[in-house]
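Below is one structure, written out as structure tokens; comments come after it.
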Amino acid sequence: MSTPTIAAAVSPPAADPGAPALVAPRRRGLPYKVISWTVPVLLLVAWELLARAGVIAPNVLPAPSSVGTTAWRLTETGELPTHLWESLKRAAIGLAIGGSLGLVLGTLTGFSRLGEAIVDRNIQIVRAIPFLAILPLVMVWFGVGESGRYFLVALGTLFPIYLNTVLGIRQVDPKLLEMGRVVGLPKLRLVRTVILPGALPSVLLGVRLALTNAWLALVIAETVGAPAGIGFMATNAREFLQTDVIVLVIVLYALIGLTTDLFARFLERRLLAWHPNYHGGSQ
Amino acid sequence: MTTAVEAPAVRARSVTRRYGDRTVLHELDLEIRRGEFVALIGKSGCGKTTLLRTLAGLDALDGGDLTVPPSSTVVFQEHRLLPWWKVWRNVAINLPRGTARARARSALEEVGLGDHAEAWPVTLSGGEAQRVALARALVREPELLLLDEPFAALDALTRIRMHGLVRNLIARHRPAVLLVTHDVDEAILLADRVLTMREGRIAADHRVSAAARTRGDAAFVTLRAELLAELGVVEQ
Ligand SMILES: Nc1ncnc2c1ncn2[C@@H]1O[C@H](COP(=O)(O)OP(=O)(O)OP(=O)(O)O)[C@@H](O)[C@H]1O
Ligand SMILES: [Mg+2]
């Protein structure tokens, strides 16, 4: 007979909160990569062949190779780098403004009832407005200057970061907070060592969503009356029916999106090295 | 050890604690001497955790007087390690800066985890994590150590090993200990005194003789049967 326990029979041991969550193992093997890239590459080849054969008219959809040539030409003239730099700058500044506002407001709401009472309702109301609906107003307010574009990007990035910061702070394990009290952590240290790291996975998810929104906002902002930037390049090209430039810009947006996502994942892997869902928690 | 006039580490007089209109601790009296190891058993929901939380200062009193030493720590049923800190930092949490790291390391050595100092908590087994939690408590040199079913989630073999470890560590550091457990054998094998709790009070108080600490000894069997009877468990 094993040791008689009074309640073990009725209360099974609680699930270990620190146990790694169940995640499907990442498939990083060669076959998976090869297979996943096969179809896009085949499509690209087909597109090239069809365009060269004249099945697709060049002014409808130029061949990938001609888009490549255009990219090279515009890079050589310095046009592409200038516009690209302009767009990146807008995204970065807008994101910095919107992101830090979202973080600060989210922290306020997450921490204090008063903060929540003051901040949350307003944010929820503004968030309910469809993004595009305020575009005319933004143009009236800011005219054709840069600040309107910063404003749009900031607006697009504020909400995801705000919401995920609040959520992250709320989800911090109260048992860990209690442990902090048991070892006598002062309030501010408790915030720094328990609450903010606990909220970090959620905040970083917010950053990722914000990056997506930032590019979306930028596309909108640049296609209406910007004097430079890759969105301007596309609008300009439309006037002259330069389909290759338009396609190039679309491809650029996609590449930028991919790059920022990679960057966000890199951040997650660095900052969440301890987290079982991000990097197995092992060195 | 000085004489009997020495003040006890814990003194609770008529301690009362309510949740809404339900009285969980009902004018409870309790004394624990310095360096004494007391085990507390009782039916699920009888208020053991509530008592422990009150002693730890995590919950307020609704009545009565309570004296506890200034330094007390808790080891909970779950390890409660910060997953974003390496093991040694979890042990060193809120220790004075200069010596924190060295102290954490030697505490980890003591629980047999010296080579896990740089590991992430998620990579530890349940028993290892619980040992780190123990190291985190002991490194503070508490005068009162509160243990709330710290071994309940461990398998039987690991638990037996933990018993040996805890006994040695406590013999070395000599804090007053209150161990809440569901395991009657564990209570007898580890403690100097075993208390049973019922209806928000301490119902009985058994001193454990040296002989009773040997499983299979007559004294052990008798005490075990007595305790089980008090808890309303009848063994065939
Ligand atoms: N935060 C709370 N709010 C309301 N009631 C509570 C709270 N915590 C505990 N209780 C009640 O107080 C009673 C005692 O709870 P406690 O956790 O002290 O029991 P326990 O003896 O530790 O039980 P177990 O052996 O199952 O851990 C229970 O009836 C429980 O429902
Ligand atoms: Mg309990």
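Note that this is a predicted model, so its numbers are computed, not measured. The basis for the numbers below is simple: all heavy atoms, side chains too, and nothing from hydrogens, waters or symmetry mates. Lettering follows sequence order; numbering is per chain, from 1.
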Let's go through A/E146 and A/R149 carefully: what are the C-alpha distance in whole Å and the side-chain angles of both, what is the deciding distance for salt bridge (Lys or Arg N to Asp or Glu O under 4.0 Å) to 0.1 Å, and is it a yes or a no? CA-CA 5 Å; A/E146 276 306 284; A/R149 284 180 275 279; 2.9 Å; yes
Let me know if [X] has heavy atoms under 4.5 Å from chain A in its side chain, its backbone, both or neither.
| X | value |
| --- | --- |
| B/S72 | backbone |
| B/R140 | side chain |
| B/L154 | neither |
| B/R89 | neither |

Test B/R101 against B/E118 for salt bridge (Lys or Arg N to Asp or Glu O under 4.0 Å), laying out the working first. CA-CA 11 Å; B/R101 190 167 189 147; B/E118 295 294 335; 2.9 Å; yes
Within 45 degrees of the axis of the six-membered ring of A/F266 and under 6.0 Å from its centre: does A/R269 put its NZ or CZ there?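 No, cation not above the ring by the 6.0 Å, 45° rule.
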Check whether NZ of the Lys or CZ of the Arg A/R265 lies under 6.0 Å from the centre of the six-membered ring of A/F263 and within 45 degrees of that ring's axis.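 No, A/R265 and A/F263 do not form such a contact.
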Most chain A-contacting option - heavy-atom pairs closer than 4.5 Å, from B/I93, B/L146, B/L58: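 Looking at each of B/I93, B/L146, B/L58 in turn, B/L58 comes out on top.
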Pick from B/T73, B/N94, B/L82, B/L81: which one has the most heavy-atom pairs with chain A under 4.5 Å?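 Ranked by heavy-atom pairs under 4.5 Å with chain A, first place is B/N94.
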Do B/L134 and B/L165 have side-chain heavy atoms sitting under 4.5 Å apart?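 The answer is yes; the side chains approach within 4.5 Å.
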